[in-house]
Amino acid sequence: MKFTDFNFHESLQEGIMSSGWEDATPIQEQVIPMILEGRDIIASAQTGTGKTGAFLLPILQKLITGSSSDHHINALIIVPTRELAVQISGQLDGLTYFTDVSSIAVYGGGDGSSFVQEKSALSKGADIVVSTPGKLISHINMGYVKLKELSYLILDEADRMLDMGFHDDIMRIISSIPENRQTLLFSATMPSKIRTLAQKILKNPAEVNIAISRPPERIKQEAFIIYETQKNPLVKLLLKRSTFKSILIFCSKKLSVKQLTRELKRAGFNAEEIHSDLEQSQREEVLRQFSSKHLPILVATDILSRGIDIDQIELVINYDVPHDGEDYVHRIGRTARAETDGTAYTFVTEKEQNKMAQIEKLIGREVPKSKVPDELGPVPSYQPRERRSSGGGGGNGGGGGRRKPFRR
Ligand code: AMP
């Protein structure tokens, strides 16, 4: 569905276009009409699905076309972390660029001067406030936050907020806003504590569930639990022993891409790198070499994880754990295309174990842990937080703000 089909206000449509969005993602398609109708929503959707746009766009449309109160806060978005607050504000800035809608982000950390700035902005009022719970409460306690006219409350990543112990803060904030409001609750997972919260704060909500895509069954997935310093020796060992002819290695950072490629070349492997520091023509040349199978090993940042269609990549190595399940699925989905079988290895260091466990939860299965060759010495055991605290909700891997455009 095209955004033009929603009949958004012209100024909003311009912002959507300049953000480079043309087609609505599935969650946007489902949720936007219901929010426009005024329904409360409980939606399970992960980062990467376009969930932020799904709640921002209809709220913006209502603020632009309805009667909103000046000098008051009209919409409040509560989020667990400053990274998410920054990310949502970034999307808001793009979408509201051609409108009169004002917004402020209020989040923890920061110094005294940012508190003063926030205080001044909150005292004047803003159409939309994006805030972490604790920081907002500090301001509410000072008495100048104008929440009495609030029409829209959005809780984003609600499961994470509860895991972080924000339940009471959320309820305290809700006690200072009108009961007659529209409430939208987004959560990656739906443990019973989220259902209980939903019963308390939502009215006859519509329920939406956008399941994360699953990797194809025929991809053989393996994880290696190692120390950071063992990554390079392990890549080299696996490459030396492998018979794969087309291998794509993903690193989250450009610097790691460059360092690893240098090291592989030094060790005599035919490897090249691809990342955003290269000119377009250089990227195209490397890709051509790799797709025509003249180049067996390509080391890449996530610019290659979505969309690019190269047949018969036999092995994908995740040099580090991707930020979330959606990225993981996209990365390993580069192998096993066109009905061929593929293999995906993921390196998991101690710091990345929680992220890996979160991904396993999202894809609905454990990735088998392979034995690390003895010559690499002792390795850590796999003990992610989620396993240690059995039955908990969606602990986060400390991933915080991941920010990459949704592409299909
Ligand atoms: P989210 O799941 O809300 O964190 O969004 C993930 C990323 O997808 C963000 O970088 C958005 O800017 C981008 N995005 C959201 N909706 C769309 C869309 N309809 N078309 C293209 N990109 C989108």
Side-chain angles (χ1 to χ4, degrees), residues 213-226 230-254 256-322 327-348 363 367-376 407:
S213 34
R214 302 254 187 258
E217 281 300 322
R218 57 184 196 282
I219 301 180
K220 187 166 160 249
Q221 303 175 53
E222 291 179 35
F224 292 88
I225 310 300
I226 52 173
Q230 293 172 317
K231 281 186 170 177
N232 285 0
L234 182 58
V235 178
K236 287 191 270 184
L237 209 70
L238 292 172
L239 292 179
K240 211 174 285 168
R241 291 182 181 177
S242 96
T243 52
F244 298 117
K245 293 187 186 58
S246 188
I247 300 164
L248 182 55
I249 306 176
F250 282 111
C251 305
S252 294
K253 296 196 192 100
K254 265 186 270 187
S256 320
V257 169
K258 293 176 187 174
Q259 284 170 344
L260 178 63
T261 314
R262 204 177 316 132
E263 183 144 352
L264 291 178
K265 282 182 171 170
R266 219 181 285 141
F269 292 104
N270 186 3
E272 289 297 341
E273 62 195 50
I274 188 163
H275 47 73
S276 58
D277 281 355
L278 298 184
E279 299 285 330
Q280 183 65 21
S281 58
Q282 291 173 303
R283 284 198 231 169
E284 283 170 11
E285 178 53 27
V286 173
L287 268 184
R288 212 173 6 250
Q289 295 280 333
F290 186 61
S291 345
S292 63
K293 311 293 173 229
H294 289 105
L295 174 69
I297 305 170
L298 182 59
V299 187
T301 53
D302 276 312
I303 57 172
L304 271 199
S305 77
R306 293 171 190 231
I308 289 196
D309 201 358
I310 299 174
D311 279 343
Q312 286 163 0
I313 296 172
E314 293 166 316
L315 172 68
V316 165
I317 299 179
N318 288 314
Y319 183 81
D320 41 38
V321 178
D327 279 347
Y328 179 79
V329 173
H330 281 287
R331 281 191 185 185
I332 75 169
R334 297 309 94 201
T335 176
R337 292 177 87 73
E339 301 308 315
T340 56
D341 291 338
T343 303
Y345 298 151
T346 301
F347 292 180
V348 187
I363 63 172
V367 175
K369 312 297 174 295
S370 291
K371 181 165 172 3
V372 176
D374 288 338
E375 52 260 63
L376 291 191
R407 267 168 266 142

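Along the sequence shown, residues are numbered consecutively beginning with 1. No experiment lies behind these values; they were computed from the predicted model shown.
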Compare every heavy atom of [Y] with every heavy atom of [X], then report the nearest pair and how far apart it is.
X      : Y      : answer
Ile219 : Ala344 : CG2-CB, 4.1 Å
Val372 : Phe224 : CG2-CD2, 4.1 Å
Lys369 : Ile225 : CD-CD1, 3.8 Å
Thr335 : Glu314 : OG1-O, 3.4 Å

Inset, instruction - Run the numbers on Phe250 and Val299 for side chain to side chain contact (heavy atoms under 4.5 Å, CB included), then give the verdict. - result: CA-CA 6 Å; Phe250 282 111; Val299 187; over 6 Å; no
Please round to the nearest 0.5 Å and tell me the distance separating atom [atom1] of [X] and atom [atom2] of [Y].
X      : Y      : atom1 : atom2 : value
Thr346 : Ile317 : OG1   : CD1   : 9.5 Å
Lys220 : Leu315 : NZ    : CG    : 9.5 Å
Arg262 : Lys258 : CZ    : NZ    : 9.0 Å
Leu278 : Glu284 : CG    : CD    : 11.5 Å
Ser276 : Glu279 : OG    : CD    : 11.5 Å

Please set out all donor-acceptor pairs under 3.5 angstrom arising from side-chain atoms of residues 267-274, sequence neighbours excluded.
residue, atom, partner, partner atom, Å
Glu272, OE1, Lys265, NZ, 3.3
Glu273, OE2, His275, NE2, 2.9

Inset, instruction - Dump the intermediate steps for side chain to side chain contact (heavy atoms under 4.5 Å, CB included) on Val316 and Tyr345, then the final yes or no. - result: CA-CA 6 Å; Val316 165; Tyr345 298 151; over 6 Å; no
Legend entry - Sidechain N-carboxylate O distance under 4.0 Å for Arg331, Asp320: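 Salt bridge present between Arg331 and Asp320.
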May I have the list of side-chain donor-acceptor pairs in residues 235-243 shorter than 3.5 Å, sequence neighbours left out?
residue, atom, partner, partner atom, Å
Lys236, NZ, Glu263, OE2, 2.9
Arg241, NH2, Glu375, OE2, 2.9
Ser242, OG, Phe244, N, 3.3

May I ask you to decide if [Y]'s main-chain N or O and [X]'s side chain share a donor-acceptor pair within less than 3.5 Å?
X      : Y      : result
Gln221 : Val367 : no
Gln230 : Leu376 : yes
Ser292 : Gln289 : yes

Inset, instruction - Evaluate the side chain to side chain contact (heavy atoms under 4.5 Å, CB included) criterion for residues Asn318 and Phe347: first the C-alpha distance (whole Å), next the side-chain angles of each, then the deciding distance (0.1 Å), finally the verdict. - result: CA-CA 6 Å; Asn318 288 314; Phe347 292 180; over 6 Å; no
Legend entry - Leu260 and Asn232: CA distance, side-chain angles, deciding distance, side chain to side chain contact (heavy atoms under 4.5 Å, CB included) verdict: CA-CA 7 Å; Leu260 178 63; Asn232 285 0; 3.4 Å; yes
Inset, instruction - Sequence neighbours left out, what passes side chain to side chain contact (heavy atoms under 4.5 Å, CB included) with Ser256? Give chain and number order. - result: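 Residues passing side chain to side chain contact (heavy atoms under 4.5 Å, CB included) with Ser256: Cys251, Lys253, Tyr319.
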